Amino acid sequence: MNAKDVIIACDFSSKEATLEFLDKFKEEKPFVKIGMELYYAAGNDIVREIKRRGHKIFLDLKLHDIPNTVKKAMRVLSDLDVDMTNVHASGTIEMMRAAIEGLTRPDGSRPLLIAVTQLTSTSEEAMRNQLLVDATINDCIAKYAQNAKEAGLDGVVCSPLEAGLVKEACGNDFMTVTPGIRFADSSKDDQVRITTPERAREIGSDYIVVGRPITAAEDPVAAYRKCVKEFLNK
Ligand code: C5P
């Protein structure tokens with residue numbers, strides 16, 4: 001049985017704004033996601049500071065390069081002691097294997113490694129006309145997830161609406177980490193294929209990634225608690 005948790009997407013543009021947000025949490029230490037914007041702005045400094053404060057970290061940098069480069073980059077990231085990171089599955093099984101090799105520390109431990117299958121912003125039409133991929137988007141997601149599993153990865157990032165498909169293709173133990181979460185009564189923002197925390201649990205998400213419904217809430221701590229309550233059913 002996989003661990004289940006709510007991950008807050010800390011899509012802030014500076015270290016100060018991020019820490020000011022995290023300071024609001026006095027009782028909980030939420031799992032946080034650091035994406036490209038914050039990482040490129042604040043670098044390893046913010047990763048170390050958030051870790052020092054006792055949070056788990058998903059470093060969402062979506063690596064995609066030749067296997068040797070990804071392996072060496074992952075070696076550097078594994079020293080940062082994050083809890084989860086990711087690559088693009090389209091980099092091939094060989095690249096994903098190299099990522100695991102780079103991420104694995106001398107004592108055999110490593111952060112969780114998950115793969116992006118097809119970005120939720122990629123349509124079937126774009127796949128066909130621009131990428132020249134003739135498969136349906138669902139077949140593509142299932143195959144990329146199977147490739148990730150074959151390479152030894154722990155799971156994939158996908159839309160909550162695709163979590164069932166991934167579990168069917170790769171088994172229940174293969175993790176699904178799903179953004180695109182909204183409360184039933186909140187704004188969709190720019191997300192299209194969304195679902196509620198409760199529904200995400202029912203479909204089979206292991207981790208939900210939630211940004212603006214928490215970060216832009218009037219009371220972020222209350223919004224986080226509501227999310228945890230709905231997702232973990234407690
Ligand atoms: O604010 P919101 O809840 O929409 O944030 C979702 C987070 O998940 C953002 O950091 C976004 O970049 C990320 N994400 C996503 N869809 C994907 C992959 C990542 O929304 N397919």
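Given the structure is predicted, the values throughout are model-derived calculations rather than measurements.
- A distance of 14.0 Å separates CE of Met96 from CG of Leu103, quoted to the nearest 0.5 Å.
- Hydrophobic clustering of Ile, Leu, Val, Met, Phe, Trp and Tyr side chains at less than 4.5 Å, counting indirect connections, unites Met36 with Val82.
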side-chain contact (heavy atoms from CB on, under 4.5 Å) assessment of Met84 paired with Met175: CA-CA 12 Å; Met84 186 188 292; Met175 271 172 32; 4.0 Å; yes

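- A donor-acceptor contact shorter than 3.5 Å is absent between the side chain of Asp65 and the backbone of Val70.
- We find that Arg97 and Glu101 are not joined by a salt bridge, their nearest charged nitrogen and carboxylate oxygen being 4.0 Å or further apart.
- Taking each heavy atom of Leu38 and Cys10 in turn, the nearest pair found is CD2-O, 3.7 Å.
- Rounded to the nearest 0.5 Å, atoms OH (Tyr207) and NZ (Lys4) are 10.0 Å apart.
- In this structure, Glu28 places its CD atom where more than 12 heavy-atom neighbours from other residues, nucleotides or ligands lie under 6.0 Å away.
- Between Val6 and Pro197 the shortest side-chain heavy-atom distance does not fall below 4.5 Å.
- One finds no salt bridge joining Asp11 and Arg212 here, because no Lys/Arg side-chain nitrogen approaches an Asp/Glu carboxylate oxygen to under 4.0 Å.
- Closest approach of Ala223 to Ala217, counting heavy atoms only: CB-CB, 3.8 Å.
- Side-chain atoms of Asn86 come within 3.5 Å of backbone N or O of Lys62 as a donor-acceptor pair.
- Asp154 is linked by a side-chain hydrogen bond (donor to acceptor under 3.5 Å, both in side chains) to Arg110, counting only residues two or more places apart in sequence or in another chain.
- The residues Asp219 and Lys226 are annotated as not salt-bridged, no charged nitrogen and carboxylate oxygen being separated by less than 4.0 angstrom.
- A salt bridge is defined here as a Lys NZ or Arg NE, NH1 or NH2 lying under 4.0 Å from an Asp or Glu carboxylate O, and Arg52 with Glu49 meets this definition.
- Within the 4.5 Å cutoff, the side chain of Tyr39 has no heavy atoms near those of the Asp60 side chain.
- Counting heavy atoms from C-beta on, the side chains of Glu162 and Ile137 never come closer than 4.5 Å.
- To the nearest 0.5 Å, atoms CG (Leu22) and CZ (Arg53) are separated by 6.5 Å.
- Atoms CZ and CD1, on Phe31 and Ile7 in that order, are 4.5 Å from each other to the nearest 0.5 Å.
- Contacts of Lys29 classified as side-chain hydrogen bond (donor to acceptor under 3.5 Å, both in side chains), with partners at least two apart in sequence or in another chain: none.
- Put simply, CD1 on Ile46 and CD on Glu16 are 8.0 Å apart, with the number rounded to the nearest 0.5 Å.
- A donor-acceptor pair shorter than 3.5 Å can be found between the side chains of Arg105 and Ser109.
- Between the Arg182 side chain and the Ser187 main chain, a donor and an acceptor come within less than 3.5 Å of each other.
- Heavy atoms from other residues, nucleotides or ligands lying under 6.0 Å from NZ of Lys167 number more than 12.
- Hydrophobic clustering of Ile, Leu, Val, Met, Phe, Trp and Tyr side chains at less than 4.5 Å, counting indirect connections, unites Ile181 with Phe21.
- Ala89 and Ala115 get closest at one heavy-atom pair: CB-CB, 4.0 Å.
- Minimum interatomic distance between Gly152 and Ile100 (heavy atoms only, all atoms of both residues): O-CD1, 3.2 Å.
- Between Val87 and Met74 the shortest side-chain heavy-atom distance falls below 4.5 Å.
- Inter-residue side-chain proximity for Pro30 and His55 is flagged as met; some heavy-atom pair is nearer than 4.5 Å.
- In this view, Glu202 and Arg199 satisfy the side-chain hydrogen bond (donor to acceptor under 3.5 Å, both in side chains) rule, not counting sequence neighbours.
- Judged purely by atom type and a 3.5 angstrom limit, Thr176 uses its side chain to pair as donor or acceptor with the backbone of Gly204.
- Expressed to the nearest 0.5 Å, how far CG of Leu77 lies from OG1 of Thr85 amounts to 5.5 Å.
- Using a 4.5 Å heavy-atom cutoff, the side chains of Ile114 and Phe58 are in contact.
- The minimum heavy-atom distance linking Ser205 with Thr178 is given by the pair OG-OG1, 2.9 Å.
- Ala142 and Ala169 make their closest contact through CB-CB, 4.0 Å (heavy atoms, listed as atom of the first residue, atom of the second, distance).
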Evaluation steps, side-chain contact (heavy atoms from CB on, under 4.5 Å), between Asp134 and Arg128: CA-CA 5 Å; Asp134 272 334; Arg128 194 166 307 120; 3.7 Å; yes

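- Atom CD of Glu20 sits in a sparse spot, with 12 or fewer heavy atoms from other residues, nucleotides or ligands closer than 6.0 Å.
- No chain of hydrophobic side-chain contacts below 4.5 Å, direct or via other Ile, Leu, Val, Met, Phe, Trp or Tyr residues, connects Leu112 to Leu153.
- If you chain together hydrophobic residues whose side chains sit under 4.5 Å apart, Leu165 and Tyr144 never meet in one group.
- Within the 4.5 Å cutoff, the side chain of Thr104 has no heavy atoms near those of the Ser78 side chain.
- Both Tyr224 and Leu232 sit in one connected hydrophobic cluster of ILVMFWY residues. Membership requires side-chain heavy atoms under 4.5 Å apart, directly or through other members.
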Pair Gln146, Lys149 - check side-chain contact (heavy atoms from CB on, under 4.5 Å), show working. CA-CA 5 Å; Gln146 284 167 339; Lys149 186 176 178 187; 5.5 Å; no

Pair Met95-His64, side-chain contact (heavy atoms from CB on, under 4.5 Å): steps then yes or no: CA-CA 8 Å; Met95 189 205 80; His64 188 178; 4.2 Å; yes

